[in-house]
Amino acid sequence: MNKSKDFLRRIVEEDLKSGKYQEVVTRFPPEPNGFPHIGHAKSITINFGIAKDYQGHCNLRMDDTNPTTEDTKYVEALKDAVQWLGFEWDEQVHFTSDYFPKLHDYAVELIKMGKAYVDSLTEEEIREYRGTVTEAGKRSKYGQRTVQENLDLFERMKNGEFKDGEHVLRAKIDMSSANMKMRDPLLYRIRHAHHFRAGDAWSIYPMYDFAHCLSDYIEGVSHSICTLEFENNRDIYDWVLDTLGLVTPRPYQHEFARLGINYTVMSKRKLLELVEGGVVSGWDDPRLPTIAGYKRRGYTPESILNFCDGIGIAKANSMVDVAQLEFAIRDDLNPKVPRVMCVLNPLKITIENYEGVEEIDAPYYPHDVPKEGSRKLPFSKEIYIDQNDFDENPPKGYFRLTPLQPVRLKYAYIITCKEVIKDTNGNVVEIKAEYHADSKSGSDTSGIKVKSAIQWVEATQAKSVEVRVYDRLFKNEAPQGVEDINPNSLKIIKNALIEPAVITQRPDVRFQFEREGYFYADPVDYTDENPVFNKIVGLKESSSKKKKAPQKTPKSEPKKVQIDGEVVAMSEEEQVLFDKYTNELKLNFEVANTLARDKKLSDFYEEALLTLNSPVNIANIVTNDVARALKQKETSELKFSAKQIAELIKMVDDELISSKIAKQVFEEMSKSGENPTQIVEAKGLVQISDPDVILPIIDEIIAKNPDNVEKFRAGNRKLLGFFVGQVLKATKGKGNPKVVNELVSRELQ
Ligand code: ATP
Ligand code: MG
């Protein structure tokens, strides 16, 4: 079970076990300069989630050190987001600005220790003096100021005697440090600006690197979790606290990878541009990745939380497919929301042989959802169907109404087209049809075969509504900004028709409009006169991006009755498996979904688990490699068994082979049917972890690349990857990546 814990939780557990901290205290520290987005949701789930899991607490802290960009409206949006996601902060909201007096005193202390000085170089000179990655910097002559001079100047900076940019306070560390951030970082700058909370009390404002570690310390934070771009700032974090001797108990910084999602921009600066440029309707535009946007669009907090948990916590930046987020909301709503009928593009049908009115009882939930409830659908000779559900000249494989092909009106009767009525331009404006009285859903004795059932509404009682259909805001995967906007990201349908039951419900509800998707009554614009619904998400993944789709209809099973466009709901057994996989075995939901819906795969998986309890790693190989093999074959035809797969994964878990080599062994196994252990032995694939073997290889590569060594030592940490890669290549992939990494880091020092 420990295997599936993320690395942050493992650190926290170790720290509690070793007695380093009595209590876990985390914080979520946004700068209130924009609305929070889904990246913040990730940070919120990590910080609040960890505090909750280990009975600690998490502070909500506004990191408000930049008076020119911050505002109370952003503070409110941040509070709202945290609450909406279901978390509570400890007591009051904290503000870095509340610590301004304390931070100032710490700065004075550093000056007195000779560890900080007032510099009077211009911004440009400061940059020049800092040097480059390959060249040491040099200290400004002002670095020689006496403690007394520094105290005096700093006091006058504080009192507003100087203009913006005239002086700064800097830490006196090391102008030749390999970590450029450590070359006398700025601690304070002058800003004559009104602060939204502190007012005009201050003319100097602390920099992030100074304020953040101290605020953590002041609040008694134990684990200061931030994103990877702060990795190099960690040295300053430690320097400030250590130099000031703030050690009991001291917070430590830990970094994780920022969440990035394709087809999305995620920096507040870029979002602000879209909002201020009027490209979207506001911070809560349902197309934005802001929490306010998702909330307005109809996403549930659960879906966002599931998404954040499902993608895990990584140490290396990567891009998450937006389809995974869409999957999470669908997955959450599918069993929860009632299904109703709405016709987006109405086409009138007159049923010539029907007289009178009747009411048809129709369930809100499909049979395999453990929820009950139904409503009455009025039915008469005048109804509307969707224009897309009739085709006069249908393409092959068209299953809906045509002049020759009858169709079922969902929950009601089968109709046959009798006459197509067109306007002068040749557009179809009405269909005259005939219904089959003995074909009523549930008691159909007509014997008429239809290929699909379509949604419809009764003409006189249907209500006209506005439907806002959203598509992705950006047309390409890695958008930069306004130039990549998808011009079709919002389509407004003014006169969609909806069945009367929907309208009598209170507005704050979500529905599945059958065959169209999930919809939410817009919380801002919805009125009784003009009901407005937002499309939350479609029923299946949009066709533009299918490759990483969670598998919906396993090829290995006979297809269930599927009305086009509809995701087949899970059967009861599938749901049980899915719950077990996600809750107990901690598989991410995409993997769990694939397994649960495919009996061949889940049987195979369960059997492998009997041999080895490594649920996550086995699930990965089963859903990837084994699934590929099972596409062409039956389980009985495979050359390898579930037991052998378990054996293979055991070697990976024991670090006998790397997962890369495991792939190679798998290929071999599926061809020859040989035992994985035999293959590994015969081919000499055992992972090399012995430093005596690895070190000479490292030394050779270091000797061959003097330029990169120099760059690395001058601070370009990214080159670590280069060296590790070279070494792994030299070992033909057999080097133990963890060991290689450690040894390379050590040798490069
Ligand atoms: P942006 O670049 O979008 O403006 P930021 O990092 O400046 O974001 P802050 O308000 O400073 O935003 O961030 C508050 C917290 O949220 C920080 O701890 C930050 O690391 C985290 N955070 C921000 N964006 C992401 C993201 N995309 N993924 C994970 N965490 C994030
Ligand atoms: Mg920022």
Side-chain angles (χ1 to χ4, degrees), residues 6 8 26-51 58-66 68-71 73-82 85 87 89 93-97 206-209 211-213 215-216 219 221 223-234 237 251-276 283 288-294 304-305 307-320 322 324-325 478-481:
D6 60 78
L8 290 172
T26 56
R27 81 288 169 269
F28 169 59
E31 183 182 352
N33 61 349
F35 271 53
H37 49 63
I38 187 137
H40 292 105
K42 176 83 203 165
S43 180
I44 290 170
T45 59
I46 290 175
N47 281 297
F48 282 94
I50 287 179
C58 178
N59 290 342
L60 172 58
R61 182 200 310 149
M62 301 297 155
D63 203 4
D64 56 346
T65 54
N66 185 2
T68 52
T69 54
E70 295 160 0
D71 198 282
K73 68 171 182 252
Y74 301 131
V75 173
E76 291 311 310
L78 283 156
K79 283 159 67 176
D80 198 58
V82 172
L85 288 171
F87 294 107
W89 51 87
V93 176
H94 297 257
F95 290 85
T96 303
S97 56
M207 304 298 290
Y208 171 89
D209 284 321
H212 205 88
C213 51
S215 304
D216 283 346
E219 289 176 12
V221 165
H223 297 81
S224 180
I225 300 165
C226 65
T227 36
L228 273 181
E229 68 273 22
F230 292 102
E231 200 172 358
N232 288 339
N233 302 59
R234 195 199 316 135
Y237 189 102
Y252 282 89
Q253 176 181 308
H254 307 275
E255 306 93 18
F256 71 97
R258 230 178 147 74
L259 168 64
I261 301 184
N262 60 5
Y263 295 97
T264 311
V265 298
M266 205 118 75
S267 97
K268 282 180 285 184
R269 184 178 53 75
K270 287 189 175 162
L271 295 173
L272 184 70
E273 267 170 31
L274 298 175
V275 173
E276 293 198 326
W283 283 105
L288 287 183
T290 53
I291 304 302
Y294 290 117
I304 306 260
L305 296 176
F307 168 73
C308 289
D309 285 347
I311 54 180
I313 306 178
K315 275 201 221 185
N317 285 324
S318 68
M319 195 61 97
V320 172
V322 67
Q324 264 185 268
L325 177 62
Q480 296 306 310

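By convention here, the first residue in the shown sequence is residue 1. Each ligand, and each atom within it, is numbered from 1 in the order the structure gives.
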Counting from 1, what ligand 1 atoms have a heavy atom of Phe256 closer than 4.0 Å?
29 (C), 30 (N)
For Pro29, take its heavy atoms, then give the atoms of ligand 1 lying under 4.0 Å from any of them.
14 (C), 18 (O)
Side chain of Asn317, backbone of Ala257: donor and acceptor closer than 3.5 Å?
no
Regarding ligand 1, does Thr227 bring an N or O atom to under 3.5 Å of one of the ligand's N or O atoms?
yes
Would you say the side chains of Tyr237 and Asp216 form a donor-acceptor pair under 3.5 Å?
yes
Under 4.0 Å from a heavy atom of Ser43: which atoms of ligand 1 are those, numbered in the order shown and with their elements?
15 (C), 16 (O), 18 (O), 21 (C), 30 (N)
Proximity winner for atom 7 (O) of ligand 1, if only heavy atoms of Lys268, Glu31, Lys270 are counted
Lys268
Between Glu273 and Lys270, does at least one N-O distance fall below 4.0 Å, as a salt bridge requires?
no
For His37, is at least one N or O under 3.5 Å away from an N or O on ligand 1?
yes
So, are Arg27 and Glu219 salt-bridged, with charged N and O less than 4.0 Å apart?
no
Distance-only N or O hit between ligand 1 and Arg269, under 3.5 Å:
no
Short N/O distance, under 3.5 Å, between Gly39 and ligand 1?
yes
Show the numbers, then the answer: is there a side-chain contact (heavy atoms from CB on, under 4.5 Å) between Trp89 and His94?
CA-CA 10 Å; Trp89 51 87; His94 297 257; over 6 Å; no
Note: Pro36, heavy atoms under 4.0 Å from ligand 1, region reported as neither
Verdict with supporting geometry, Tyr208 and Phe230, ring pair (Phe, Tyr, Trp, His ring centres under 6.0 Å):
CA-CA 11 Å; Tyr208 171 89; Phe230 292 102; 4.8 Å; yes
What distance separates Asp63 CG from Phe28 CZ, expressed to the nearest 0.5 Å?
10.5 Å
For Phe230, which part has a heavy atom under 4.0 Å from ligand 1: side chain, backbone, both, or neither?
neither
